[in-house]
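Step one of this worksheet: look at the structure below.
Numbers for residues simply follow the sequence, beginning at 1. Read the numbers this way: they start at 1 and go in the same order the structure lists the ligands and their atoms.
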Amino acid sequence: MKHVLLTGANGFVGNVLLDQLSAGYRVSCACSVLNPSPRAGVEQVVLDIRDPMACAATLGRLKPTHIVHLAAISHVPTSFRDPLLAWNTNVIGSLNLLEAIKQKVPDAFVVFASSSEVYGDAFKSGAALGESSPCLPMNPYAASKLAAELAFEQYFKQGIRGVIARPFNHIGSGQSPDFVTASFARQIALIESGKQAPVMQVGNLEAYRDFLDVRDVCTAYAQLLELSDGREHPRVFNIASGQARKIKEVLDELITQSTVAISVELDPQRLRPSDIPFAVGNCERIREVLGWQPSISLNETLASLLADWRMRVVTEQ
Ligand code: A2R
């Protein structure tokens, strides 16, 4: 049976991907700490990807046929606050994993979760960016992901098998409220339950983003894993909807779905100076090669996000 190892398995994406892959794969999860409620039939290992010997030992023992590399410092403000942590995890951690693949499982097929953030300043063209657009990262997170991509490209040249994915803004249940749509949904749920005054604190509402449901992104990762069947394929894939949505439009829809009246207040602390005003991806490649396209509407995603936060705030202090 095909055996997939997920790094970063306890994260936002890892949790969803685990559900999707469990049907077709034996799944092992590499986590920085053990999940207290593990899934039945899924093996968990503790692995700090910054430790090269631990990476080699884990891959040597598990011998996965496939790997999805999700583990990262994924939050842009954290990468500004602690760039060494971001670079060590995102670049050196990826190199440690690549060396371990080369030494222990050289035939394994790896999907690396990079980010649309690598395009950075190139978004200022206003066009939907394709995979050959310039990569001009504007923050330490994006730069570290691009550096990791270069490392992957080098190992691909040496015969390691796999692809690089550049997902655009994926949202949904389980995401940290450090991210914009989760922050909105959490505040609405707090307001509805009387734990917050009926005033939403927001940052920049004028930016446009290419939003995707995390479940659609995970379907794309699962389809990318199927490229291990030996057919010719490109190395880099955008995972995008191709549609630009104004953040204000997303907020308005969430407020429409709320059961109470809510006003909106700008919080200057939530404004990021390096904000990119418009970011949208061209998704032709993944559609042509794999037939993938998003299947979940934004309103459906927002409804599930809100439902999730309504449950989560019950236990919040
Ligand atoms: O720090 P934890 O316990 O939350 O674990 C995070 C894990 N992680 C690590 N795992 C092993 N060794 C490390 N040194 C290490 N540092 C962090 O990566 C967490 O479980 C996971 C990342 O999850 P999230 O922050 O929720 O990211 P998300 O949204 O699931 O994104 C997945 C990937 C990331 O590479 C993004 O940059 C990419 O998709 O776009």
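F237 and L212 fall within the same hydrophobic cluster, where Ile, Leu, Val, Met, Phe, Trp and Tyr residues are linked whenever their side-chain heavy atoms come under 4.5 Å apart, directly or through other members.
Near K145, meaning under 4.0 Å from one of its heavy atoms, ligand 1 places the atoms 34 (C), 35 (O), 36 (C), 37 (O). Listed by number with element, the atoms of ligand 1 under 4.0 angstrom from any heavy atom of R50 are 14 (N). In summary, the atoms of ligand 1 found under 4.0 Å from a heavy atom of T89, numbered by their order in the structure, are 14 (N), 15 (C), 16 (N). Atoms of ligand 1 found under 4.0 Å from any heavy atom of L47 (numbered from 1 in listed order, with element): 11 (C), 12 (N). Of all the atoms in ligand 1, the ones that sit under 4.0 Å from a non-hydrogen atom of A71 are 9 (C), 10 (N), 18 (O). Near D48, meaning under 4.0 Å from one of its heavy atoms, ligand 1 places the atoms 12 (N), 13 (C), 14 (N). Listed by number with element, the atoms of ligand 1 under 4.0 Å from a non-hydrogen atom of S74 are 24 (P), 25 (O), 27 (O), 36 (C), 37 (O). Atoms of ligand 1 lying under 4.0 Å from any heavy atom of I49, numbered from 1 in the order shown and given with element: 11 (C), 12 (N), 13 (C), 14 (N).
With F184 as reference, V202 is the one residue of V202, L302, I255 to meet the side chain to side chain contact (heavy atoms under 4.5 Å, CB included) rule. The residue from F179, F12, F80 that alone fulfils the ring-ring contact (aromatic ring centres under 6.0 Å, His included) condition with H75 is F179.
In this structure, the protein non-hydrogen atom closest to atom 36 (C) of ligand 1 is Y141 OH, 3.5 Å. For atom 31 (O) of ligand 1, the nearest protein heavy atom (residue, atom name, distance) is V13 CG2, 3.8 Å. Residue, atom and distance of the protein heavy atom nearest to atom 23 (O) of ligand 1 are G11 CA, 3.4 Å. Given atom 21 (C) of ligand 1, the protein heavy atom at minimum distance is G8 CA, 3.7 Å. If you check which protein heavy atom lies closest to atom 32 (C) of ligand 1, you get L70 O, 3.6 Å. Atom 17 (C) of ligand 1 has its closest protein heavy atom at A72 O, 3.4 Å. Closest to atom 39 (O) of ligand 1, if we only count protein heavy atoms, is A113 CB, 3.6 Å.
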Stepwise, does the side chain to side chain contact (heavy atoms under 4.5 Å, CB included) test hold for L70 with Y221? CA-CA 11 Å; L70 301 169; Y221 290 151; 4.0 Å; yes
Please report the C-alpha distance between E206 and K246 in whole Å, then the side-chain angles of each, then the deciding distance to 0.1 Å, and finally whether the salt bridge (charged side-chain N to carboxylate O under 4.0 Å, His left out) criterion is met. CA-CA 6 Å; E206 298 307 308; K246 198 174 188 177; 3.0 Å; yes
Evaluate the side-chain hydrogen bond (donor to acceptor under 3.5 Å, both in side chains) criterion for residues R245 and N169: first the C-alpha distance (whole Å), next the side-chain angles of each, then the deciding distance (0.1 Å), finally the verdict. CA-CA 11 Å; R245 307 283 200 150; N169 295 65; over 6 Å; no
Salt bridge (charged side-chain N to carboxylate O under 4.0 Å, His left out) assessment of E43 paired with R26: CA-CA 9 Å; E43 181 174 3; R26 173 184 159 202; 3.6 Å; yes
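For atom 40 (O) of ligand 1, the nearest non-hydrogen atom from the set S114, A142, G172 belongs to S114. For the residues G93, C55, S32, the heavy atom positioned nearest atom 1 (O) of ligand 1 is part of S32. Of the candidates Y221, F12, F168, F12 brings a heavy atom nearest to atom 29 (O) of ligand 1.
Relative to the six-membered ring of F156, R235 meets both conditions, a distance below 6.0 Å and an angle of at most 45° to the axis.
In summary, the aromatic rings of F152 and F112 are positioned with their centroids under 6.0 Å apart.
Heavy atoms from other residues, nucleotides or ligands lying under 6.0 Å from OH of Y208 number 12 at most.
Taking OH of Y141 as the start and OG1 of T89 as the end, the distance is 12.0 Å to the nearest 0.5 Å.
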